[in-house]
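Please read the structure below before turning to the comments.
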Amino acid sequence: MQPLLESGGRMEEEPSNLPVSLWGRVSAFETRAREAYKRKPISHWILLVLSSAAMLIAFPASSLLSRVYYANGGTSKWIISWVAVAGWPLTALILFPTYLVCKTSPTPLTLKLTFSYIVLGLLSAADNLMYAYAYAYLPASTASLLASSSLVFSALFGYLLVKNKLNAAIVNAVVVITAAMTIIALDSDSDRYGNVTDKQYIWGFVWDILGSALHGLIFALSELVFVKLVGRRSFHVVLEQQVMVSLFAFVFTTIGVTVNNDFQGMKYEARSFEGGKSSYYLVLIWSTISFQLGVLGSVAVLFLSSTVLAGVLNAIRVPLTSIAAVILLKDPMSGLKILSLVVTFWGFGCYIYGSSSSSKDSS
């Protein structure tokens, strides 16, 4: 959230170096911001700040912890995809009290709705596995930049499946973010770890893009479920979907971990993990907690504010993850990667502007 302009003294006078139209827009924004602030109780803004902080802190932390796992001796892709959904009971603990607070009842589980949750759970399990492969072979800064391409696929699948509108700004965002991904591909020699082969790096790149495409498809299908099957969108309904999808994803991923004998392999990994068993289990536990906190934060932001603010926060967390990876994990940061980061941020800006314009047109 940007700080509100304070009234008084000099702010009431029109600066001579600003065009009248620009100053009018600033004044209009200030008026709208103050009106919006007064319409909501202080508890609303406190929850919005906490939810935004959860998105900006928890998601980057989860990405970094995935890379920490592989950098310190972890090898299982199934384990990392499993911890991403193992925290689903945390979301359920938030869901049940909302029925009492909102004085509502659970959404009836029809056959079609249950089948939709099963399909979304299967796709989410596959999506988490793809991202696990990406973080196994790519630096966290590179993986997070590539993952931002999910916005491109969300826009495309939203247009094809949900009939969401595409305007010039959103199309421009798709082109710009695609160009950013191309820049990263051209810079593959500068950020590859020494123990990662060329083939592994390429597969990490491919799995990251495929995971982003699948993530965009999941987002569009989730919206389609709300439109076609649920018919409403409220806080508890969004939480219900998140709980059910995460539950089925947890079931599918647990089956994969069991078949691959990775639960038994955790004991060996813990013994050989750099830092010892306690560090190993702490990485996995905090990965589980941070991912679920990020999910809860994003759901709350969508409910308390809008998809535009969620897009802004997603745009901010991409450079936050990259910068944190460079500082904490010593990720390489070349000139081309910095350029890709700037271009990606610009693409997010175009998308946010286009989404905002579409919302105004719809209203």
For a 4.5 angstrom cut-off between non-hydrogen side-chain atoms, does [X] reach [Y]?
X: Ser212; Y: Met130; value: no
X: Tyr70; Y: Thr75; value: no
X: Lys199; Y: Ile202; value: no
X: Met266; Y: Leu284; value: yes
X: Thr142; Y: Tyr201; value: yes

[X] versus [Y], closest heavy-atom pair with distance:
X: Tyr131; Y: Ser150; value: OH-CB, 4.5 Å
X: Thr344; Y: Ala180; value: OG1-CB, 3.2 Å
X: Ile79; Y: Tyr69; value: CB-OH, 4.0 Å
X: Ala173; Y: Gly347; value: CB-O, 3.2 Å
X: Ser322; Y: Leu145; value: OG-CG, 3.9 Å
X: Val295; Y: Gln242; value: CG1-CD, 3.3 Å

Please output the side-chain donor-acceptor pairs of residues 114-125 that fall under 3.5 Å, not counting sequence neighbours, one pair per line with the distance.
residue : atom : partner : partner atom : Å
Thr114  : OG1  : Thr110  : O            : 2.9
Ser116  : OG   : Lys112  : O            : 2.8
Ser124  : OG   : Leu120  : O            : 2.9

- Message: Treating Asn72 as the side-chain partner and Val68 as the backbone partner, does any N or O pair qualify as donor plus acceptor under 3.5 Å?
- Response: yes
- Item | Side chain Thr253, main chain Phe250, donor-acceptor under 3.5 Å | no
Would a hydrophobic clustering, with Ile, Leu, Val, Met, Phe, Trp and Tyr connected at side-chain separations under 4.5 Å, put [X] with [Y]?
X: Val283; Y: Tyr281; answer: yes
X: Phe157; Y: Leu229; answer: yes
X: Phe226; Y: Leu95; answer: yes
X: Tyr268; Y: Phe263; answer: no
X: Leu50; Y: Ile42; answer: yes

Rounded at 0.5 Å granularity, tell me how far [atom1] in [X] sits from [atom2] in [Y].
X: Thr288; Y: Leu90; atom1: OG1; atom2: CG; value: 8.5 Å
X: Leu138; Y: Arg67; atom1: CG; atom2: CZ; value: 8.5 Å
X: Ser222; Y: Leu217; atom1: OG; atom2: CG; value: 9.0 Å
X: Tyr133; Y: Asp208; atom1: OH; atom2: CG; value: 14.5 Å
X: Asn195; Y: Gln200; atom1: CG; atom2: CD; value: 7.5 Å
X: Leu214; Y: Asp127; atom1: CG; atom2: CG; value: 4.5 Å

Identify all side-chain donor-acceptor contacts of residues 80-89 below 3.5 Å with residues at least two apart in sequence or on another chain.
residue : atom : partner : partner atom : Å
Ser81   : OG   : Lys77   : O            : 3.2
Ser81   : OG   : Trp78   : O            : 2.8
Trp82   : NE1  : Thr254  : OG1          : 3.1

- Please list, chain by chain and in numerical order, all residues satisfying side-chain contact (heavy atoms from CB on, under 4.5 Å) with Trp346, sequence neighbours excluded. Asn172, Val176, Cys350
- Partners passing side-chain contact (heavy atoms from CB on, under 4.5 Å) against Lys163 (at least two apart in sequence or in another chain): none
Donor-acceptor pairs are to be reported for all side-chain atoms of residues 54-65 against protein atoms at under 3.5 Å, with residues two or more places apart or in another chain.
residue : atom : partner : partner atom : Å
Ser63   : OG   : Phe59   : O            : 3.2
Ser63   : OG   : Tyr135  : OH           : 3.2

- Item | Residue pair Glu240 / Thr107, side-chain donor-acceptor N/O under 3.5 Å | yes
Indicate every side-chain donor-acceptor pair of residues 323-331 with a distance under 3.5 Å to a residue at least two apart or in another chain.
residue : atom : partner : partner atom : Å
Asp331  : OD1  : Tyr193  : OH           : 2.8
Asp331  : OD2  : Ala140  : N            : 3.0
Asp331  : OD2  : Ser141  : N            : 2.9
Asp331  : OD2  : Ser141  : OG           : 3.1

- Which of these passes side-chain hydrogen bond (donor to acceptor under 3.5 Å, both in side chains) with Tyr280: Glu274, Lys267, Glu269? Glu269
- Go through the steps for His215 and Phe153 under the test side chain to side chain contact (heavy atoms under 4.5 Å, CB included), then give the verdict. CA-CA 8 Å; His215 188 78; Phe153 297 105; over 6 Å; no
